[in-house]
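First the structure, in the form of C-alpha cells, and then the observations on it.
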Amino acid sequence: MSEYFKGISKIEYEGPNSDNPLAFKYYNPDEMVGNKTMREHLKFSVAYWHTFVAEGVDPFGSGTMIRPWNDIKDPMGKAKARMEAAFEFFQKLGVDYFCFHDRDIAPEGETLEETNKNLDEIAQFAKGFMKDTDIKLLWGTANMFNNPRFVHGAATSCNADVFAYAAAQVKKALEVTNDLGGSGYTFWGGREGYETLLNTDMKLELDNFARFLHMAVDYAKEIGFEGQFYIEPKPKEPTKHQYDFDAANVLAFLKTYDLDEHFKLNIETNHATLAGHTMEHELRYARINNMLGSVDANQGDLHLGWDTDQFPTDIYMTTLAMYEILKSGGFTTGGLNFDAKVRRPSFEPADLFYAHIAGMDAFAKGLKIAYNMIEDGKFDKFIEDRYGSYREGIGADIVSGKVGFKELEKYALNNNSITNTSGRQEVLEALLNQYIVK
Ligand code: XLS
Ligand code: NI
Ligand code: NI
C-alpha cells in the first residue's frame, strides 16, 4: 500500500504556544470538558468529496489540487487508491468519522446495475479499513445532482423516470450506509428546487418530495437501518430556489407531511449565512424544536453570495455554535462534519492537514469557551431576568392560559405606567469578548 502523505505523522496536541502547523493548539482529544472528552463532544468527521475527490475546478479554470490518488486512470483502481489515501488521512489526523456520497467512493458504470456493483465492491473495501481502524461512518448520502439526468431535480423532477432512478439510487445508498454501520443518512437538496415558477408545478414537486422521503423511511425500516435521517437546509445553489430553504422552512415541510418524527436537521454554517441567518440562529431554531441532529462545519465569506465552503476558523462562530450544541445536550448520532474545502491556491496535500487542524482547533476552543459560558450561567441569568414579568402577575396568567383579550384589555386600561428596561446588548457582547479572549 502506498503512503500518500509522506513526511506527515500522527498529528499531536502541542498546546497554544506551539508554532508547529502540523500540531493541535487547542484540540486535545482526551482532555475532559465537563463529563466528556473533547473527542466525545466534538465528533469530528471528514467529508470525502471535498478532501479526496475535488480537484479545485472553478468556473474560470481547471483543477489545481495535487492528489496523487486521483492520477490513476482505471476508475476502480482510482477509487481504491482514494480510499487508501482517505484512511491514511483519517488516522494521521485522528478523526473518528467520515461522510460520503455514493459517487464519491465508487465510479458510475454504464448501467445502474454496474454502478451498484462498483459501489458494493468499494463498500466492502471500505469495510475492511473501518474494521482495522475503528473509524466510523457518520452519515452516507446519494449524489443526485452531478449527472445530467438530474437536470430538473431528482425526487422533484418533472420526469417520473428520474424519480424512479433516484429512488433506486437512494435504496442502494441506504443499504450501503446500513452495511457500513452508518449512524445517519442525509438528504441534502441537490437540485430539489426550481429555476422559474413559469414551468413548475410546485405543489406536485413538494408532494413528490414528501412521497420520496416516506419511501425512504419505510425502506429503512424494512432493512433494519436504525440510523438517524437528516435534512440539510440550503436556500439556493445550485437551483435559484432550493426547497429545503432553512431550518424553519424544513420543519414546516416535515410537519405538513407527517415526516417530522423521522428526521432531524443537519445544519451547515455557509447555508445558514446564504439564507440570511447566523449559524447560531439556525442551531437555536433546530434546538428549541428538538430537531438539532448534526452539523456541517464550515464557514462562508460574508462578502460573497455563494457556498464557498471554507474551513471554519471564526472563533465567535464556533463558540456560539458550540453553545447551542451543548445546550441541546450534545451530539448523539451527529457530529461535526467538515463539509469544507481548501482554497484553490492551497493545492498541496499538506494543506488538507493544515485546514482540518485549523477547523478542529477553532471548534475545540469554541467548545471550551461555550462550556465556561454555560457553567457560569451569566447569559442564562440575564435572559431569565429579562423575562421575569412572565413568572408573576399578569405575565404568569398569560403563560398559563388563564387570560384572553378581554381580561388583558381590562388590565391594560388600568395600567398607565409601562416601564421597559434596557436590552444591554453591548454589555453582553463585551462579556462574550471576555470569555473569548481570556
Ligand atoms: C452542498 C452540501 C453538500 C451536502 C452533502 O452544498 O453542503 O455537500 O452536505 O450532499
Ligand atoms: Ni453540507
Ligand atoms: Ni454546502
Side-chain angles (χ1 to χ4, degrees), residues 43-55 57-58 97-105 137-147 150 153-156 166 169-170 173-174 176-177 182-193 209 212-213 216 227-247 250 263-277 279 282-283 286 292-302 304-312 317 321 333-343 355-356 359:
K43 295 183 67 186
F44 289 125
S45 156
V46 173
Y48 213 89
W49 51 102
H50 284 310
T51 292
F52 306 108
V53 182
E55 297 190 326
V57 176
D58 78 7
Y97 299 91
F98 68 112
C99 292
F100 63 73
H101 301 85
D102 47 4
R103 305 299 176 248
D104 300 335
I105 60 167
L137 179 60
L138 189 69
W139 49 259
T141 187
N143 179 328
M144 301 193 292
F145 41 93
N146 252 110
N147 192 294
F150 299 116
T156 64
Q169 190 174 330
V170 170
L174 273 172
V176 168
T177 301
S183 39
Y185 185 92
T186 294
F187 286 91
W188 163 63
R191 292 181 193 275
E192 315 292 23
F209 188 32
F212 193 93
L213 296 180
Q228 176 64 53
F229 277 116
Y230 304 112
I231 293 203
E232 182 181 322
K234 184 176 186 181
K236 55 188 168 191
E237 199 198 302
T239 70
K240 165 200 156 67
H241 190 290
Q242 299 275 114
Y243 285 135
D244 299 328
F245 198 92
D246 63 1
V250 170
F263 284 82
K264 291 215 185 297
L265 301 180
N266 179 37
I267 304 288
E268 178 166 325
T269 322
N270 206 162
H271 298 181
T273 48
L274 285 179
H277 302 306
M279 177 60 163
E282 287 294 81
L283 292 171
L292 178 48
S294 200
V295 165
D296 269 8
N298 63 15
Q299 70 186 30
D301 184 318
L302 295 181
L304 301 175
W306 67 90
D307 200 14
T308 56
D309 286 340
Q310 291 167 231
F311 275 84
M317 186 280 285
T333 54
L336 290 170
N337 173 49
F338 288 111
D339 191 355
K341 58 180 183 242
V342 288
R343 300 302 83 194
H356 281 86

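Order of appearance sets the numbers: ligands from 1, and atoms from 1 within every ligand. Sequence positions, counted from 1, serve as the residue numbers for this chain. Just so you know, these numbers come straight off a predicted model, no measurement behind them.
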Point to revise | D102 side chain reached by N143 side chain, heavy atoms, under 4.5 Å | key: yes
Check your understanding: Would K341 and T51 count as a side-chain contact (heavy atoms from CB on, under 4.5 Å) if you check the C-alpha gap in whole Å, the side-chain angles of each, and the deciding distance to 0.1 Å?
Key -> CA-CA 7 Å; K341 58 180 183 242; T51 292; over 6 Å; no
Exercise for review: Evaluate the salt bridge (charged side-chain N to carboxylate O under 4.0 Å, His left out) criterion for residues D244 and K234: first the C-alpha distance (whole Å), next the side-chain angles of each, then the deciding distance (0.1 Å), finally the verdict.
Suggested key: CA-CA 6 Å; D244 299 328; K234 184 176 186 181; over 6 Å; no
Check your understanding: What are the protein N/O/S atoms, named by residue and atom, that sit under 2.8 Å from the Ni ion (ligand 2)?
Key -> E232 OE2, E268 OE1, D296 OD2, D339 OD2
Review point. Is the centre of the F263 ring less than 6.0 Å from the centre of the F229 ring?
Key: yes
Point to revise | Which of the ligand 1 atoms, numbered from 1, are nearer than 4.0 Å to a heavy atom of D339 | key: 2 (C), 3 (C), 4 (C), 7 (O), 8 (O), 9 (O)
Review point. Counting heavy atoms only, which part of H101 comes closer than 4.0 Å to ligand 1: side chain, backbone, both or neither?
Key: side chain
Revision key, fill the gap. Under 4.0 Å between heavy atoms, the region of D307 that gets near ligand 1 turns out to be side chain
Point to revise | W139 ring center near F100 ring center (under 6.0 Å) | key: no
Practice item. Going by heavy-atom distance to atom 6 (O) of ligand 1, choose the closest among K234, K341, Q242, E237. Key: K234
**Study point:** Evaluation steps, side chain to side chain donor-acceptor pair (under 3.5 Å), between D301 and W306
**Key:** CA-CA 8 Å; D301 184 318; W306 67 90; over 6 Å; no
Check your understanding: Just heavy atoms, cut-off under 4.0 Å: does N143 contact ligand 1 by side chain, backbone, both, or neither?
Key -> neither
Exercise for review: Assess whether side chain to side chain donor-acceptor pair (under 3.5 Å) is satisfied between D296 and N266, documenting all intermediate values.
Suggested key: CA-CA 7 Å; D296 269 8; N266 179 37; 3.2 Å; yes
Check your understanding: Do ligand 1 and D309 have nitrogen or oxygen atoms that lie under 3.5 Å from each other?
Key -> no
Review point. Would you say ligand 1 has an N or O under 3.5 Å from any N or O of D296?
Key: yes
Review point. Does E268 reach the side chain of Q299, with side-chain heavy atoms less than 4.5 Å apart?
Key: no
Review point. For the rings on H101 and Y48, is their centre-to-centre separation under 6.0 Å?
Key: no
Review point. Would you say W188 and H271 make side-chain contact, with heavy atoms under 4.5 Å?
Key: yes
Practice item. Report yes if E232 has an N/O atom closer than 3.5 Å to an N/O atom of ligand 1; otherwise report no. Key: yes
Exercise for review: Verify ring pair (Phe, Tyr, Trp, His ring centres under 6.0 Å) between Y97 and F44, making sure each step is shown before the conclusion.
Suggested key: CA-CA 6 Å; Y97 299 91; F44 289 125; 10.0 Å; no
Exercise for review: Compute the minimum heavy-atom distance from H50 to ligand 1 and say whether it is under 4.0 Å.
Suggested key: no
**Study point:** Which atom of D307 approaches the Ni ion (ligand 3) most closely (N/O/S)
**Key:** OD2
